[in-house]
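Each ligand, and each atom within it, is numbered from 1 in the order the structure gives.
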Amino acid sequence: MSAPPSRPNEVASVLERLGVKPVINACGTYSELGGSRLSPGVWAAMEEVNRHFVRVADLVEQAGQYIAGLLKVESALITPGASAGIMLATAASMAGTDGAKSEQLPDATGMKSEVLIQGGHRYMYDRQVTLAGAKLIQVGTSDGVDAEQFEAAISDRTAMVLHPAHLDRRPGALKLEVVSAICRSHGVPVLVDGAFMSYPPEAIANLLHRGGDLVCVSSKYFGGPNSGGFIVGRADLMAAVSNVHFTRYESSQYLKFGRPLKMDRQTIVAVVVAFEEWIHADPSVRFARFRRQVEMLRKDLEGIPGLKLTPMCFTKEETFEPEPVNCLAIDFNSSGPGMSAAEVAAALEAGSPPILAIRNGTRLAFAMTVLEDAEVSIIGKRLRELLA
Ligand SMILES: *Cc1c(COP(=O)(O)O)cnc(C)c1O
């Protein structure tokens with residue numbers, strides 16, 4: 001008998017076997033780069049639950065209650081992300097707690113099937129409502145809408161309003177309080193996309209206090225899985241979300257709508273533990289790490305002519321603000337170091353390991369959000385080699 005072939009994982013790491021190069025991510029939390037880095041505590045929870053089987057419906061139910069308890073809100077349910085949350089909340093607003101309707105979706109015959117969004121609120125993720133079978137109706141233009149015009153758009157076909165929290169202060173747009181007061185008088189629920197409103201953690205419940213009926217959150221922004229998140233909100237509406245959620249597909253009377261959005265038990269506990277760690281963490285420790293790493297990189301680059309080095313905050317809206325510092329912005333002067341920002345970015349990306357940075361005109365910025373010290377050192381060394 002010949003010896004079995006050697007197992008490939010004794011030969012090379014999985015990324016090597018797949019031929020995929022790890023990159024140094026100086027951009028921040030992006031789904032396309034893998035989201036966040038899971039902590040040892042989160043990893044341990046996943047490992048623990050991997051050793052046990054559970055009734056997934058019970059785990060989802062208890063995990064939701066646990067998150068609701070942490071946030072002091074009525075009800076919560078884990079979802080595979082905020083995009084999935086938009087799709088599920090839309091389906092819930094159409095089917096309610098009716099099992100037959102959940103099964104019928106995305107065929108919306110006989111159901112309310114319009115979701116309203118303000119013109120100034122159109123954004124990348126609003127299309128998820130259409131996946132549930134709803135029609136997305138834009139009210140007003142990107143310049144704005146007034147309250148009367150918004151109210152006139154509500155009809156007996158209106159299932160829900162989608163309100164992205166990060167666009168709430170957009171000039172010309174109606175604020176959440178105004179939208180929710182109008183919607184309440186017509187019995188229409190408001191879903192707030194609060195995907196990255198997890199800092200400070202009170203911000204999530206605050207969106208409910210300001211008039212949101214449901215809020216969806218993404219766990220990628222609080223150190224959880226890239227495919228995790230949750231919805232919080234009013235208990236009666238959350239019962240409707242349960243009615244379209246993936247659990248009990250095989251055992252309930254109806255084939256529930258959300259089955260393709262199923263989650264692993266490992267991911268479910270990872271969302272819970274990541275959020276628990278996030279809520280209990282002292283944010284000043286995180287901000288101190290960002291400052292220290294920004295200073296490490298700044299020191300490495302000090303004295304290179306033609307560069308202006310500025311500690312800054314790269315926001316989730318992808319703008320630059322002075323505080324709280326989480327990145328080093330490098331502005332290339334006209335007297336430049338002989339290479340443009342674009343050329344340096346291309347060279348960093350072409351190197352090994354590839355380094356991905358934020359490109360913004362003549363500015364190149366390095367966000368510390370998910371970087372370890374060793375990676376910051378590699379960035380400093382590579383930049384010096386290119387520029388000094
Ligand atoms: C990332 C993001 C989403 C999508 O969240 P996922 O959890 O990745 O599905 C939705 N809305 C906003 C504002 C986001 O930033």
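Heavy-atom contacts of G81 reach the following atoms of ligand 1: 7 (O), 9 (O) (cutoff under 4.0 Å). The distance from ligand 1 to the heavy atoms of S31 drops below 4.0 Å at these ligand atoms: 8 (O). Counting the atoms of ligand 1 from 1 in the order shown, those under 4.0 Å from a heavy atom of S83 are 4 (C), 5 (O), 6 (P), 9 (O).
In this structure, atom 15 (O) of ligand 1 lies nearest to the protein heavy atom Y221 OH, 2.7 Å. For atom 11 (N) of ligand 1, the closest heavy atom belonging to the protein is D193 OD2, 2.7 Å. For atom 12 (C) of ligand 1, the nearest non-hydrogen atom of the protein is A195 CB, 3.2 Å. The closest protein non-hydrogen atom to atom 13 (C) of ligand 1 is H166 CE1, 3.4 Å. Atom 6 (P) of ligand 1 has A82 N, 3.4 Å as its closest protein atom, hydrogens excluded (heavy atom only). Annotation: atom 8 (O) of ligand 1 to nearest protein heavy atom, K220 NZ, 2.9 Å.
Heavy-atom contacts from other residues, nucleotides or ligands closer than 6.0 Å to CD of Q253 number 12 or fewer. Taking a 6.0 Å sphere around CD of E317, one finds it holds more than 12 heavy atoms contributed by other residues, nucleotides or ligands.
With respect to E103 and R259, no salt bridge is recorded, no charged nitrogen being found less than 4.0 Å from a carboxylate O. Salt-bridge annotation for E114 and K135: absent, with no side-chain N of the basic residue lying under 4.0 Å from a carboxylate O of the acidic one. The existence of a salt bridge linking K175 and D168 is excluded, since no basic side-chain nitrogen approaches an acidic carboxylate oxygen closer than 4.0 Å. Looking at E295 and R291, no side-chain N of the basic residue comes within less than 4.0 Å of a carboxylate O on the acidic one, giving no salt bridge.
Taking the side chain as every heavy atom from C-beta outward, L191 and V115 never approach each other to under 4.5 Å.
The residue M124 has no part lying near ligand 1, judged by heavy-atom distances below 4.0 Å.
Every pair passing side chain to side chain donor-acceptor pair (under 3.5 Å) that includes a residue from residues 141-154 is listed here, sequence neighbours excluded: E151-H186.
Note: no N/O pair closer than 3.5 Å links S219 and ligand 1 by distance alone.
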